[in-house]
There are 2 protein chains.
Amino acid sequence: MANVKLSKSEENYLKSIFNLSEFGNKQVSTNSISKVLNIEPASVTDMIKKLSKKNLIYHEKYKGSTISKSGIKIALQIIRRHRLWEVFLHDKLNFKWDEIHNIAEELEHVSSEELIDNLDKFLKYPKIDPHGDPIPNKLGEIDFVDKISISDLNINEKGIVSRIINEDEEFFSLLKKLNIEIGTEVKIIDKIEYDQSLEIHIDNKSVIISKDIADNIKITKI
Amino acid sequence: MANVKLSKSEENYLKSIFNLSEFGNKQVSTNSISKVLNIEPASVTDMIKKLSKKNLIYHEKYKGSTISKSGIKIALQIIRRHRLWEVFLHDKLNFKWDEIHNIAEELEHVSSEELIDNLDKFLKYPKIDPHGDPIPNKLGEIDFVDKISISDLNINEKGIVSRIINEDEEFFSLLKKLNIEIGTEVKIIDKIEYDQSLEIHIDNKSVIISKDIADNIKITKI
DNA sequence: ATCTAAATTTAGGCTTACCTAAAAAATTTA
DNA sequence: TAAATTTTTTAGGTAAGCCTAAATTTAGAT
Ligand SMILES: [Mn+2]
Ligand SMILES: [Mn+2]
Ligand SMILES: [Mn+2]
Ligand SMILES: [Mn+2]
C-alpha cells in the first residue's frame with residue numbers, strides 16, 4: 001500500500017478522472033477520459049485496469065470508473081502542484097494567464113513534497129490560481145467556491161468574471177478575442193430561446209456567446 | 001534537422017556525455033557513461049546509436065563517442081536549466097545547497113525556452129549556481145572559471161572553497177560531515193606521499209582527505 | 001422486443017528505454 | 001606474441017504506454 005510514485009501518465013489520468021467525476025461523486029465513462037486526454041478508448045481501458053489494480057479507482061466493466069478515496073487524495077495533490085506552479089508562473093515570472101497552463105502541466109509532475117511546500121510558502125499560501133480556481137492546501141482541503149456562471153444570470157444582471165473552467169488553448173484565445181479575463185464585467189442583454197445563446201455586454205460592446213461558453217465562465221454577481 | 005524535442009533520457013545522456021567530454025574535447029567511453037548514469041553498457045550502446053543518428057554525437061565502434069557541435073549546444077541549454085533551477089531552489093525556496101540537485105535533475109527537463117528566460121530574469125541573471133558552477137547564458141556562453149582544487153595547493157597555503165564538482169548525495173553528506181561548504185576556508189597542513197592524501201585544517205580542526213575528494217573541491221587561493 | 005448505433009473491451013502491434021547473456025573486439029599481462 | 005581480461009556490441013526480452021481493428025456489451029430507436 002505504500003505510496004509508490006506514479007508515472008506522469010498515471011498522474012494525468014487520475015487528475016482527469018477526478019475532474020470529470022465532480023469531486024468523486026460521478027461515475028466517469030471511458031470515452032470521456034479518452035476525449036479530455038486525447039488518447040484512444042482502447043488505451044484508456046488499459047490504464048483503467050492499471051489504476052484499478054492500485055485501488056486508485058474502481059471499475060465496473062462496460063459501466064464506468066469511480067475514483068477512490070486515495071485516488072482523490074492524490075488527484076488533489078496534483079491539482080495543488082499545478083495551480084501553485086501557475087501562480088508562480090503568473091505572479092513571479094510574469095507570464096500571461098493564458099500562457100501558464102501548458103507549462104504547469106509539465107511542472108506538476110515534479111513530485112517533491114518539500115518542493116511544493118516551500119513553493120507554497122514562497123508564494124505566501126495563495127488561495128486561488130490565476131484562472132480563479134481554488135488551490136488545495138497540503139492536506140488536500142479545498143475551498144468550495146462553486147460560483148455561478150454567466151448563463152445563470154438573468155437579463156440585465158451583471159457579474160465580474162472570477163473563474164475560467166476550460167483551460168484549452170482555443171478557449172483562451174476565444175476569451176482573448178472577446179476581451180474577457182478575470183475581473184471583466186459582463187452584463188446580460190438577452191437570452192436567445194432558440195439555443196440558449198446569450199447576448200452580453202463587455203466594455204459596452206455587445207457579443208453573442210453560446211451556452212457552452214457561458215457555462216465555462218464563472219462570475220460573481222454584482 | 002529541425003530540432004525535435006528530446007526525451008528526458010536523451011537529455012540526461014547528452015548532458016552526461018558533455019560533462020565527461022570536458023567541453024567536447026575528449027572522447028567518451030561507453031563504460032564511463034554507463035557508470036555515471038547507472039545504466040548497463042548494453043543500454044548505453046543503444047542510446048549512443050540513437051544520438052548518433054540524430055547527429056548529436058559521433059561514434060566510432062569500439063572506440064568511443066564524441067559530442068557534436070549541436071550536441072554541445074543542447075547540453076549547455078540543459079545545464080543552463082539545471083543550474084538556474086538550482087539557484088531558484090536555493091535562493092527563493094530556501095533549500096540547502098545539498099538538497100537541490102535531485103529536484104533540479106527533474107525540473108531541467110521541463111523545456112520551455114520562455115520559462116527559462118523568464119526564470120533567468122526573475123533571478124537577475126545569476127552567473128553561478130549554489131555549487132559554484134557557472135551558468136551558461138541564453139546563447140550557451142559560459143564563464144570558464146576553471147579554478148584550482150584543494151590538491152593543487154602547497155603545504156601551508158590557504159583557500160576558500162568556491163565550487164563543488166561531484167554532486168552525488170554521498171559526496172554532499174561527506175562534505176557536510178567535514179564541515180565543508182562554499183566559502184569555507186581550508187589550509188593545507190601536510191601532503192602524504194603514500195597515496196597523495198592531504199591533511200587539511202577546517203575551522204582549525206585537522207582532517208585527512210583523499211586526493212579524489214580534494215580534486216572535487218575547487219578553491220580560490222588566499 | 002428487436003434492430004441499430006454507440007461505447008467499451010480484447011487482441012495484436014509498435015516504440016522507447018531498459019535488462020541479461022553471449023559474442024566480438026581491444027587492451028593488458030605474462 | 002599469445003593468453004587473459006576488460007570493454008563494447010549484438011541478440012533476444014520485458015514493461016509502459018500508446019495504436020488500430022475486431023469483438024462484445026450496452027443503450028437508443030422503432
Ligand atoms: Mn500533466
Ligand atoms: Mn488553472
Ligand atoms: Mn535530469
Ligand atoms: Mn549545481
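Each chain gets a letter, A, B and so on, in the order its sequence line appears, and its residues count up from 1. Treat the numbers as computed from the prediction; the structure is a model and nothing was measured.
For B/E60 and C/dA26, the CD to C1' distance is 13 Å, given to the nearest whole Å. Between A/Q27 atom CD and D/dT26 atom P there is a gap of 13 Å when expressed in whole angstrom units. Rounded to an integer number of Å, the gap from A/K61 NZ to C/dT10 C1' is 9 Å. At whole-Å resolution of the value, OH in B/Y62 and C1' in C/dA25 are 5 Å apart. Computed from coordinates, the B/K49 NZ to C/dT16 C1' distance equals 15 Å when rounded to whole Å. One atom, CD1 of A/I48, and another, P of D/dA16, lie 17 Å apart when rounded to the nearest Å. Counting to the nearest Å, the C1' atom of D/dG17 and the NZ atom of A/K54 are 13 Å from each other. When rounded to the nearest whole Å, the span between CG of A/D46 and P of C/dT15 equals 17 Å.
Across every strand in view, C/dT28 sits in a pair with D/dA3 that passes the Watson-Crick or G-U test at under 3.5 angstrom.
In plain terms, the two heavy atoms of A/I67 and A/L56 that are nearest each other are CG1-O, 3.6 Å. The two residues B/D212 and B/N216 have their closest heavy-atom pair at O-ND2, 3.1 Å. The minimum heavy-atom distance linking A/I219 with A/V161 is given by the pair CG2-CA, 3.7 Å.
Judged as a ring pair (Phe, Tyr, Trp, His ring centres under 6.0 Å), the pairs with a partner in residues 37-84 of chain B (not counting sequence neighbours) are, in order, B/H82-B/H101.
Within residues 6-20 of chain B, the residues approached by DNA chain C to less than 4.0 Å at the level of any non-hydrogen atom are B/S7, B/S9, B/Y13, in residue-number order. Looking at residues 33-44 of chain B, you'll see B/P41, B/A42 sit with a heavy atom under 4.0 Å from some atom of DNA chain D.
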Provide a list of protein-nucleic acid N or O atom pairs under 3.5 angstrom, restricted to nucleotides 2-6 of chain D.
none

Pair up each side-chain donor or acceptor in residues 35-50 of chain A with any protein partner under 3.5 Å, not counting sequence neighbours, and list the distances.
unit_1	atom_1	unit_2	atom_2	d
A/T45	OG1	A/P41	O	3.2
A/K50	NZ	A/E10	OE2	3.2

Name the atoms and distances for all side-chain donor-acceptor pairs under 3.5 Å in residues 129-140 of chain B, with sequence neighbours left out.
unit_1	atom_1	unit_2	atom_2	d
B/D129	OD1	B/H131	N	2.7
B/D129	OD1	B/G132	N	3.1
B/D129	OD1	B/D133	N	3.0
B/H131	ND1	B/E86	OE1	3.0
B/H131	ND1	B/E167	OE2	3.4
B/H131	NE2	B/W97	O	2.9
B/D133	OD1	B/R163	NE	2.5
B/D133	OD1	B/R163	NH2	3.3
B/N137	OD1	B/L139	N	2.9
B/N137	OD1	B/G140	N	3.1
B/N137	OD1	B/E141	N	3.0
B/N137	ND2	B/E141	OE1	2.7
B/K138	NZ	B/E113	OE2	3.0
B/K138	NZ	B/D117	OD2	2.5

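Relative to the ring axis of B/F122, B/K92 places its NZ or CZ within 45° and under 6.0 Å from the centre.
Counted by atom type alone, B/S70 and B/S68 present one or more donor-acceptor pairs between their side chains at under 3.5 Å. When only modelled atom types and interatomic distance are considered, B/N31 and B/S34 share no side-chain donor-acceptor pair under 3.5 Å.
Using a 4.0 Å heavy-atom cutoff across all strands shown, A/K63 reaches no nucleic acid atom at all.
Within the structure, every side-chain polar atom (N or O) of A/H59 is placed at least 4.0 Å from both OP1 and OP2 of C/dT8.
We find that B/R81 and B/E11 are joined by a salt bridge, their nearest charged nitrogen and carboxylate oxygen being less than 4.0 Å apart. Salt-bridge formation is detected for the pair A/E105/A/K15: a Lys NZ or Arg NE/NH1/NH2 atom is positioned less than 4.0 Å from an Asp or Glu carboxylate oxygen.
DNA chain D is contacted by both A/K50 and B/T45; B/T45 maps to the nucleotide lying nearer its 5′ end (nearest heavy atom per residue).
Taking CD1 of A/I150 as the reference point, atom CD1 of A/I217 lies at 4.0 Å (rounded to 0.5 Å).
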